[in-house]
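Remember, predicted model here, so these are calculated numbers, not experimental data. Computation of the quantities below employed the complete heavy-atom set of this structure, encompassing side-chain atoms and omitting hydrogens, waters and symmetry-equivalent molecules.
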Amino acid sequence: MYAAYCSETYPKQFIKTDMGKKVKKDEKPPPDDVFDPLLVESRQAGTVVLMLSSPEEDVQAKACEAIYKYVDKCDENKKQLLDLNAIEALLPLLQSEDRIVRRNACMAVSVMTAHPEVRKKLRKNEEAIPAMITLLAPEEDTVVHEFCALGLSQMAIEFSSKAVIFENNGIEPLVKCLSSSDPDVQKNAIETLAQLLLDYQTRAAIKDCDGLSPMLELLKSEFSIIQKLALLALDRASQDDFVAHPEWNDLHVMAVMVLANLLEDHESLELVKETGTLKRLVALITDQPPPEEEAKGGGGKGGKAEKGGSRAAKKSAKDGGKTSRGKKSSEEKEESVPGEAIIPTLPDVKMCAAKAIARSARSAENRKILHEQEAEKMLIHLLAHESTEVQTAAAQALGIMSENLLTKDSIREWEGVQPLVKLLNSDNGDVKEAASLALANLTANNSTNCHDISNFGGIDALIHTLADAREEAVAKNACCLTNMATEEALRSDAQNKHIVVKLIEPLKSKNTNVQSKCSLAVAAFVCDVDSRSDFRNNGGIEYLITLLHSGNDEVRRNSSWAIAVCAVDEQTASEVCKLGGMSVLQEIQVSGTRRNPFADVALQNLLNSNLSAKYSLTGALSSTNIILDGFYDAGQLRPGSQFLSLEDYCKQELHDKRPVLLVNAKPESAPKESQSQADAEMAKDSSKTSVSGKSSRTGRETKARKGSGERKSKAQKEKEEKQREEEIQAQLQREAENQSTTDNKPFEMPCDSNLCQYLEEITEKIQPLQTTREQVIALAQYVSDHMGGPIEKGELANFSYELPISQIRYEMKSNVVPIGKIKTGIHIHRALLFKVLADRIAVGCTLNRGEYNLAWNEVMLPDSDDTPGAPKFPPRTFVVDLVHCPDERSAEEIICLDMLKEEIMHSSNYIARPVTSSWVLRKGEALIDL
């Protein structure tokens with residue numbers, strides 16, 4: 001408000017100060033011959049185009065800037081300005097003396113080149129492209145370099161513009177722009193060069209301008225678009241110059257490195273395939289002449305003619321024959337000499353080429369293309385190279401390519417298996433590791449390759465390499481052996497060469513990959529009794545159990561699977577339990593993070609092979625679990641307690657806990673009895689002899705004393721004492737020898753002659769019965785009679801069974817009591833005896849443990865209704881009553897129906913508790929509780 005008031009009250013040449021005084025303003029009027037500044041607003045493109053012809057540089061700069069902003073919006077604006085002849089007005093401004101005018105004009109022209117009509121117009125103007133090349137001079141601004149390179153990249157799309165750029169020496173300034181610090185300049189410059197490199201003249205000029213090095217540097221750029229353009233430019237630069245000319249060996253390594261990057265991209269690999277570069281690369285690396293260009297047409301891709309030529313090429317490559325060079329230019333024909341020796345490529349080039357194939361083969365699509373181009377031929381050829389680095393790279397590439405099914409067969413047909421087997425004996429660790437990888441992939445799901453490896457002595461080499469210091473080589477060898485184990489003949493051959501013992505040492509490794517692969521190999525080879533015995537006797541079980549504690553999921557899974565295979569053998573299962581493997585598997589089973597299906601299978605197999613442990617842990621044996629001699633019931637095992645062996649229980653001192661019930665129907669051998677009697681008689685005779693000897697000596701001494709009546713001399717006393725000491729020492733030595741002989745004897749289970757008699761009786765009387773129902777009834781009555789008879793309801797507490805069992809334990813001086821020696825037993829004794837006898841006569845039944853010394857048996861019996869036309873039902877589960885049977889037994893009183901839980905819970909008269917014979921179906925009575 002104040003400023004506006006002052007401007008209206010006082011003239012412009014006066015200004016009112018804060019003190020209220022008026023001071024005249026010092027303002028000189030413009031000269032008379034100078035036009036006053038004029039601010040113009042224009043909304044028409046034609047007006048701005050006319051301003052380009054102004055002699056004032058400021059006007060030109062602002063007009064160029066306005067045109068740049070306008071044409072950058074859409075292609076229609078570019079076409080409109082082209083029709084207004086803006087190009088004719090902008091081109092002279094590219095050579096303006098004012099830097100801002102040149103910059104803005106360059107920006108406008110470069111953006112307009114995106115339109116094809118604009119490019120057509122510029123091609124007709126001979127000064128357009130040279131003017132843009134001039135602006136690439138080092139003294140120009142970075143922005144000018146950026147937009148000039150952009151314009152040239154658009155112009156280089158047409159071939160005629162490529163020639164103009166080349167003729168006006170545009171390659172060198174573009175190469176210099178590659179070293180710019182501005183990524184936009186780098187991007188536009190490399191894009192221009194990528195377009196220009198489609199022309200053979202440019203590819204030849206790149207070497208003179210030293211353009212490879214800055215291109216390779218761009219591969220390190222942090223911008224993916226620059227890396228991609230650099231790879232494209234290098235690909236085009238190396239198509240027929242560097243790799244194809246031996247005289248440029250110094251550039252071969254970099255060129256092949258570029259190809260390695262290009263071959264990873266599927267589209268680039270297709271381009272390399274179509275241009276024939278891949279075949280030329282294969283020929284170069286194998287030191288063969290480049291293949292002749294096949295005439296197009298006739299047989300299609302994969303046709304018979306092509307296939308026949310491929311086989312012929314394979315034969316010629318194997319024979320090392322020489323083929324004629326492809327057609328070259330007339331100048332090369334004049335310089336080349338027929339029969340000239342091919343210059344071998346450098347080992348680094350071969351190594352980089354193999355690595356390039358390996359990197360490209362990571363993709364399944366690329367593996368297919370490489371197989372069609374017969375890249376395996378080059379890699380197999382490199383396996384025989386003297387350089388270990390080349391051998392390693394070639395073997396690795398073959399290993400990766402072997403993931404293709406067709407490649408596995410091709411490598412075998414090209415005789416590549418034998419060189420790989422030979423490399424297993426190399427002194428270089430990298431070579432052995434790469435060869436192991438290739439063989440492991442070759443043998444996966446390919447039995448023919450497995451047999452080929454065996455024919456070339458591969459099994460011996462693989463087993464020998466299991467002791468190698470290179471852990472990865474050991475892991476891959478174990479994987480290869482696992483693949484070969486699928487063939488029975490090869491598996492037997494490896495087992496005869498003690499592969500199971502050789503696999504124990506790698507299990508001690510700290511490398512999780514070695515642990516995992518070797519555990520899987522153990523599972524593949526311990527599939528027969530002899531192999532499991534060798535593995536067990538050499539301490540391999542202990543290391544497998546140690547691997548169960550691993551924090552690696554794969555190691556735990558594979559070691560669990562190996563234990564699952566080993567546990568099918570009873571002796572091996574006992575060894576696993578003795579070493580604590582069962583407790584570890586139980587911990588894994590209840591863990592929320594470590595549990596795996598293989599551990600569940602291992603625990604199940606372990607329990608099925610060790611029924612004593614299964615019954616102690618789970619309290620149940622199924623009808624398929626057949627009790628054999630050596631089974632013992634140690635009672636329900638508490639959580640966290642260790643399951644002991646029968647030998648350990650026999651060595652324990654007498655205690656007041658429940659006895660261990662033993663099943664052993666093996667008769668005591670006669671030789672052992674006679675030997676024991678002979679030993680007893682010998683010991684008795686020796687004791688008598690020693691006593692009589694002492695008495696005879698004592699008698700002689702007494703007579704001597706009486707006869708002589710004189711005291712013995714001091715020397716005689718010393719002599720007698722010495723003789724006594726020698727006799728005592730000899731006696732102690734004999735006792736020690738007898739004790740050591742007793743300790744060294746193998747453990748023998750107590751014999752059960754009563755059980756042997758039971759088996760003979762039921763085999764003679766019960767087994768011939770017609771139906772299973774009759775066998776069960778008779779066997780239940782037999783067991784009840786031999787275990788103290790039936791017990792009336794409510795009289796179980798008065799049934800004395802503990803005292804007789806204690807007397808048996810005292811007589812045997814052991815806590816282990818044979819089941820046949822028990823004459824007064826309750827549920828646990830009767831149910832065990834019933835299960836043992838039923839298994840011997842092939843009557844299927846289960847054994848279940850309850851609480852408070854309760855146990856029962858369940859049997860499956862069919863419907864007993866034999867009435868013609870009566871409906872037939874599936875077999876039902878019955879519980880056998882061995883305790884509460886009355887004197888007058890009937891089928892309904894001996895066999896008790898085990899009702900389903902749903903039926904029991906909905907019954908009005910029940911008391912739910914897991915007691916043997918809880919529910920008995922009696923004649924004419926309702927369901928009652930016993």
Which distance, rounded to the nearest 0.5 Å, do you find between the CG of Leu490 and the CD1 of Ile453? 9.5 Å
Sequence neighbours excluded, the answer for side-chain hydrogen bond (donor to acceptor under 3.5 Å, both in side chains) partners of Thr624 is Ser622
Using the salt bridge (charged side-chain N to carboxylate O under 4.0 Å, His left out) criterion, which residues pair with Glu570? Sequence neighbours excluded. none
Just so I know, are the side chains of Ser447 and Thr486 near enough to count as touching, which here means a heavy-atom distance under 4.5 Å? no
Leu406 to Asn404 - nearest heavy-atom pair and separation: N-OD1, 2.9 Å
Salt bridge (Lys or Arg N to Asp or Glu O under 4.0 Å): which pairs involve residues 383-396, sequence neighbours left out? none
Under the 3.5 angstrom rule, does the side chain of Arg367 hit a backbone N or O of Met401 as a donor-acceptor pair? no
Testing the basics here: between Ala478 and Cys518, what is the closest heavy-atom pair and its distance to 0.1 Å? CB-SG, 4.0 Å
Please answer whether the main-chain N or O of Ala444 pairs with a side-chain N or O of Lys408 as donor and acceptor at a distance below 3.5 Å. yes
Rounded to the nearest 0.5 Å, what separation is found between the CG atom of Leu579 and the CD atom of Glu542? 6.0 Å
Which distance, rounded to the nearest 0.5 Å, do you find between the NZ of Lys502 and the CG of Asn477? 13.5 Å
Please check if the number of heavy atoms outside His464 that lie under 6.0 Å from its NE2 is greater than 12. no
Could you tell me whether a side-chain N or O of Glu376 sits under 3.5 Å from a main-chain N or O of Leu398, the two making a donor and an acceptor? no
Any donor-acceptor pair under 3.5 Å linking the side chain of Ser360 with the backbone of Ile357? no
Please step through side-chain hydrogen bond (donor to acceptor under 3.5 Å, both in side chains) for the pair Gln495 and Asp530, ending with a clear verdict. CA-CA 9 Å; Gln495 289 171 343; Asp530 295 335; over 6 Å; no
Does any non-hydrogen side-chain atom of Ile225 lie less than 4.5 Å from one of Leu229? yes
Going by side chain to side chain contact (heavy atoms under 4.5 Å, CB included), name the residues that satisfy it together with Lys476, two or more places apart in sequence or in a different chain. Glu433, Ser436, Leu437, Glu472
Donor on one side chain, acceptor on other, Asp468 and Thr465, under 3.5 Å: no
Taken in chain and number order and not counting sequence neighbours, the residues that satisfy salt bridge (charged side-chain N to carboxylate O under 4.0 Å, His left out) with Asp569 are Arg536
Do you know the tightest heavy-atom contact between Leu548 and Ser560? CD2-OG, 3.4 Å
Answer yes or no: is there a donor N or O on one side and an acceptor on the other, between the side chain of Asn428 and the main chain of Thr388, under 3.5 Å? no
Sorted by chain and number, sequence neighbours left out, side chain to side chain contact (heavy atoms under 4.5 Å, CB included) with Val555 holds for Thr512, Gln515, Ser516, Leu547, Ser550, Asn552
Please tell me if the side chains of Val417 and Leu420 come closer than 4.5 Å, counting only heavy atoms from C-beta onward. no
Minimal non-hydrogen separation, Ile411 against Ser402, with atom names: CD1-OG, 3.5 Å
Applying side chain to side chain contact (heavy atoms under 4.5 Å, CB included) to Met351 and Ser387, what does each step give before you reach the verdict? CA-CA 9 Å; Met351 179 184 66; Ser387 173; over 6 Å; no
Pairs in or reaching into residues 575-594: which pass side-chain hydrogen bond (donor to acceptor under 3.5 Å, both in side chains), with residues at least two apart or in two chains? none
Between Ala394 and Ala354, the two heavy atoms sitting closest are N-CB, 3.8 Å
To the nearest 0.5 Å, what is the distance between CG (Leu439) and CG (Asp452)? 11.0 Å
Checking Asp553 now: which residues fulfil side-chain hydrogen bond (donor to acceptor under 3.5 Å, both in side chains) with it, not counting sequence neighbours? Arg556
Can you tell if the side chain of Val584 reaches within under 4.5 Å of the side chain of His549, non-hydrogen atoms only? yes
Measuring only between side-chain heavy atoms, which start at C-beta, is Met582 closer than 4.5 Å to Leu603? yes
Is atom CG of Asn496 surrounded by more than 12 heavy atoms (other residues, nucleotides or ligands) closer than 6.0 Å? yes
Donor-acceptor pair, side chain of Gln227 and main chain of Ser221, under 3.5 angstrom: yes
Taking only residues two or more places apart in sequence, or in another chain, which ones meet Glu487 in a salt bridge (charged side-chain N to carboxylate O under 4.0 Å, His left out)? none
Under a 4.5 Å cut-off applied to non-hydrogen side-chain atoms, are Arg470 and Asp430 in contact? yes
How would you list, by chain and number, every residue that makes a salt bridge (charged side-chain N to carboxylate O under 4.0 Å, His left out) with Asp460, sequence neighbours excluded? Lys497
Would you say Asn511's side chain and Asn513's backbone share a donor-acceptor pair under 3.5 angstrom? yes
Give the minimum heavy-atom separation between Gly458 and Val421, together with the two atoms involved. CA-CG1, 3.8 Å
Which distance, rounded to the nearest 0.5 Å, do you find between the NZ of Lys355 and the OG1 of Thr392? 9.0 Å
The test is side chain to side chain contact (heavy atoms under 4.5 Å, CB included); show your working for Gln373 and Leu370 and say whether it passes. CA-CA 5 Å; Gln373 298 297 308; Leu370 292 172; 5.7 Å; no
Mind checking what makes side chain to side chain contact (heavy atoms under 4.5 Å, CB included) contact with Ala564, not counting sequence neighbours? Trp561, Val601, Ala602, Asn605
Donor-acceptor contact below 3.5 Å, side chain Asn483 vs main chain Ala440: yes
Kindly say whether Ser533 contributes a backbone atom to a donor-acceptor pair with the side chain of Asn537 at under 3.5 angstrom? yes
Which residues pass the side chain to side chain contact (heavy atoms under 4.5 Å, CB included) test with Asn608, sequence neighbours left out? Gln604, Lys614, Asn625
Flag side-chain contact, heavy atom, 4.5 Å: Glu505 against Leu466: no
Just by modelled atom types, is the Cys450 backbone N or O under 3.5 Å from a matching donor or acceptor in the Ser454 side chain? no
Can you confirm whether Val576 sits close enough to Asn610 that some side-chain heavy atom of one is under 4.5 Å from a side-chain heavy atom of the other? no
Mark yes when over 12 heavy atoms from residues, nucleotides or ligands other than Lys368 sit less than 6.0 Å from its NZ; otherwise mark no. no
As an exercise, state the distance from CG of Asp600 to CD1 of Ile588, rounded to the nearest 0.5 Å. 9.5 Å
